[in-house]
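This report refers to the structure that appears directly beneath it.
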Amino acid sequence: QFATCTLDYIADMILETGCLVQPLLLKKIRMNENGEQYEILRGEQEYHAAMIAYERDTERKLGGMVSAFIASGKTADAACQQATALGNTW
């Protein structure tokens, strides 16, 4: 789904900085016996890169490397609209 070289590049940057600087946008979809489950609304590529970085982190220096905004109900749509309007303003 995403280019491996792009994911690798982002993973390397996450390892270098120690975190993912842009938060993911999540929506809680259910609660089950395994805990809470979320849908990624924005930041799926970043999530996959963070998982690669976590696997490569042999020194275990990446503690809370991913932050997220968890939207629910009406706020999920508004949050997606805001993220789209802001685009990549970093």
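The distance from the CD atom of Q1 to the NE2 atom of H48 is 6.0 Å, given to the nearest 0.5 Å.
Residues that satisfy the salt bridge (charged side-chain N to carboxylate O under 4.0 Å, His left out) test with E36, not counting sequence neighbours, are K28. Taking T84 as the reference, R42 meet the side-chain hydrogen bond (donor to acceptor under 3.5 Å, both in side chains) condition, with sequence neighbours excluded. Legend: residues meeting salt bridge (charged side-chain N to carboxylate O under 4.0 Å, His left out) with D12, ordered by chain and number and at least two apart, are R56. When the side-chain contact (heavy atoms from CB on, under 4.5 Å) test is applied to A68, the partners found at least two apart in sequence or on another chain are L24, L26.
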Practice problem: Mind running side-chain contact (heavy atoms from CB on, under 4.5 Å) on V66 and Y47 for me, showing each step along the way? | Solution: CA-CA 8 Å; V66 175; Y47 169 79; 5.7 Å; no
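I52 shares a hydrophobic cluster with F2, L7; the chain of contacts runs through ILVMFWY side chains whose heavy atoms sit under 4.5 Å apart. Hydrophobic side-chain contacts under 4.5 Å tie F69 into a cluster, directly or through other members, with L25, L41.
Across every non-hydrogen atom of I14 and A49, the tightest pair is CD1-C, 4.0 Å. Here the shortest heavy-atom pairing between G43 and I40 reads C-CG2, 3.9 Å. Across A76 and A71, no two heavy atoms sit closer than the pair CA-CB, 3.5 Å.
Although no hydrogens or angles enter the test, the distance criterion places a donor-acceptor pair under 3.5 Å between the side chain of T17 and the main chain of M13.
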